[in-house]
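One is the number of the first residue; the rest follow in order along the sequence. Bear in mind the structure is a predicted one, so any value in this text is a computation, not a measurement.
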Amino acid sequence: MRHHVELALDLPPQVANAGVGVHGAAGPHEVFRLPRLWQLHLYSYSGTLEFGGVSHPIRPGHLSLVPPDTEVHFHYDAPRCEHLYAHFRLPGHGERRRLPAMQDTGADATALSGLLRQTVTAITQSPLRASAELWTVLWRTTTLTGSAENSPSPRHPALQTAMAHIEEHLAGPLTIPAVARAAGVSHTHLTRLFREDTGYTVVGYIRHRRMERARHLLNASTLAIPAIAAAVGISDLQAFNKTCRKELGASPRAVRQEASGERPAHLVGPREGAQPLGDRGTRR
């Protein structure tokens, strides 16, 4: 039976402690609980972890997540067993991610080990950095093979690859054949994946993402509009203006003015107290 846990990752974890745990010297079996803290272990040995009525084989590269106030039983296969660990609180109350309690980190083991070691280093020097490092670890566990079920509607791996390729290349030319090659699927299959998941064609999705980035740059920066157009891969200003009006409902200048609280020039009326031009007297 596969055992799962649920984590709310909308806020960074509060790290109580992190380090290298050494076990087995006092005996091949240990039982304990952490009443108020989550436990994360990244293993470099073999053994067995039992909790919640389920037995989980431990192998090098495996990672476990145990909720607070859970009694755990560790069975060690050697007199000295080391693992990286973090004990933490999760203060968030947002969308919960459902993950296997024990996962094989596979090719991600080295990166996760590095991040946990940085958490250990930071714990006494910068608790905020320790929190950030562990938060990255927790989010990476949601993308491990076997964790796709944490999303209500998991995306096809080829679609995820295509979307990542698009995000990385928004500033340059993007063609459907190039995106399909990056995703390892045919043009037709890619189009079907995009329509089923996003409702957009591939071209429509690329245009949408370009304009969302343009909206961000218009709203959050003072970058010149021609530079923004180039930054989202539409160097022709006329084409950029046309696409902006179609996707965002206004010209780039109007989008920026609206975000800054200014009324676009075509909506600004006469100055308060001023007479309409036709009613003004002639100075003599």
Side-chain angles (χ1 to χ4, degrees), residues 1-19 21 23 30-43 47-75 83-109 111-120 122-123 127-157 159-160 163-164 197-198:
M1 181 177 67
R2 198 89 185 267
H3 191 187
H4 293 81
V5 296
E6 293 187 348
L7 300 85
L9 298 179
D10 52 316
L11 293 175
Q14 299 168 352
V15 185
N17 197 259
H23 297 272
E30 289 181 344
V31 181
F32 63 91
R33 72 175 69 220
L34 299 181
R36 292 173 294 278
L37 299 172
W38 281 84
Q39 306 177 47
L40 179 149
H41 292 163
L42 181 60
Y43 301 97
T48 305
L49 167 64
E50 297 176 359
F51 73 93
V54 180
S55 179
H56 304 276
I58 295 173
R59 298 292 181 267
H62 281 199
L63 180 146
S64 65
L65 286 161
V66 179
D69 202 26
T70 300
E71 184 173 280
V72 293
H73 294 248
F74 279 96
H75 301 271
H83 57 234
L84 289 162
Y85 74 87
H87 298 161
F88 57 95
R89 298 177 183 85
L90 287 175
H93 298 285
E95 178 186 349
R96 304 182 76 81
R97 302 276 167 167
R98 189 169 184 263
L99 301 174
M102 181 74 76
Q103 299 190 72
D104 182 356
T105 61
D108 289 277
L112 289 169
S113 176
L115 288 165
L116 280 170
R117 291 184 186 280
Q118 290 177 29
T119 303
V120 173
I123 193 71
L128 287 177
R129 180 179 173 185
S131 174
E133 300 286 3
L134 182 59
W135 203 13
T136 302
V137 170
L138 293 171
W139 273 109
R140 286 194 70 154
T141 64
T142 69
T143 63
L144 296 173
T145 302
S147 295
E149 61 202 277
N150 72 78
S151 172
S153 52
R155 282 181 164 144
H156 192 287
L159 182 63
Q160 294 181 25
M163 288 177 164
D197 189 276
T198 70

Exercise for the section: Compare every heavy atom of Asp10 with every heavy atom of Gly92, then report the nearest pair and how far apart it is. Expected result: CA-OD1, 3.3 Å
Problem - Any donor-acceptor N/O pair, Trp135 side chain to Leu9 backbone, under 3.5 Å - result: yes
Handout entry: Contacts of type side-chain contact (heavy atoms from CB on, under 4.5 Å), residue Ala164, not counting sequence neighbours
Key = none
Exercise for the section: Please report the shortest heavy-atom distance between His87 and His41, naming the atom on each side. Expected result: NE2-NE2, 4.4 Å
Practice task
Kindly indicate, with the supporting measurements, whether the criterion side-chain contact (heavy atoms from CB on, under 4.5 Å) is fulfilled by Leu40 and Leu116.
Solution key: CA-CA 10 Å; Leu40 179 149; Leu116 280 170; 3.8 Å; yes
Exercise for the section: List the steps, then state whether side-chain contact (heavy atoms from CB on, under 4.5 Å) holds for Leu84 with Arg117. Expected result: CA-CA 8 Å; Leu84 289 162; Arg117 291 184 186 280; 4.0 Å; yes
Practice task
Might you work through the side-chain contact (heavy atoms from CB on, under 4.5 Å) test for His83 and Leu42, ending with a clear yes or no?
Solution key: CA-CA 6 Å; His83 57 234; Leu42 181 60; 6.0 Å; no
Handout entry: Which residues share a salt bridge (Lys or Arg N to Asp or Glu O under 4.0 Å) with Glu30, sequence neighbours left out
Key = none
Practice task
Looking only at non-hydrogen atoms, find the nearest pair between Ser131 and Pro12 and report the distance.
Solution key: OG-CB, 3.4 Å
Completion exercise
So OG of Ser55 and NE2 of His75: to nearest 0.5 Å the spacing works out to 7.0 Å
Handout entry: For the student: nearest non-hydrogen atoms of Leu90 and Pro13, plus distance
Key = CD2-CB, 4.0 Å
Problem - Nearest-0.5 Å distance that lies between atom OG1 in Thr198 and atom CE in Met163 - result: 5.5 Å
Handout entry: Distance (rounded to the nearest 0.5 Å) between Arg97 CZ and Trp139 CH2
Key = 4.0 Å
Problem - Residues in ring pair (Phe, Tyr, Trp, His ring centres under 6.0 Å) contact with Phe51, at least two apart in sequence or another chain - result: His3, His56
Problem - Full working for side-chain contact (heavy atoms from CB on, under 4.5 Å) between Leu49 and Met102 - result: CA-CA 9 Å; Leu49 167 64; Met102 181 74 76; 4.0 Å; yes
Completion exercise
What one should report as the nearest heavy-atom pair of Gln103 and Thr141 is NE2-O, 3.5 Å
Practice task
Indicate yes or no: at least one non-hydrogen side-chain atom of Leu37 is less than 4.5 angstrom from one of Phe88.
Solution key: no
Handout entry: Residues which pass salt bridge (Lys or Arg N to Asp or Glu O under 4.0 Å) with Arg33, listed by chain and number, not counting sequence neighbours
Key = Asp69, Glu71
Exercise for the section: Using the salt bridge (charged side-chain N to carboxylate O under 4.0 Å, His left out) rule, collect all pairs that involve residues 133-142, keeping only residues at least two apart or in two chains. Expected result: Asp108-Arg140, Arg129-Glu133
Problem - Side-chain (Thr142) to main-chain (Leu138) donor-acceptor, under 3.5 angstrom - result: no
Can you give each donor-acceptor pair under 3.5 Å made by side-chain atoms of residues 58-67, sequence neighbours left out, with the distance rounded to 0.1 Å?
unit_1 : atom_1 : unit_2 : atom_2 : d
His62  : ND1    : Pro57  : O      : 3.4
Ser64  : OG     : Tyr43  : OH     : 2.6

Exercise for the section: Measure the spacing between CG of Leu112 and CG of Leu144 and express it to the nearest 0.5 Å. Expected result: 6.0 Å
Fill in the blank from the handout: For Tyr85 and Asn17, the nearest pair of non-hydrogen atoms, with its separation, is OH-OD1, 2.5 Å
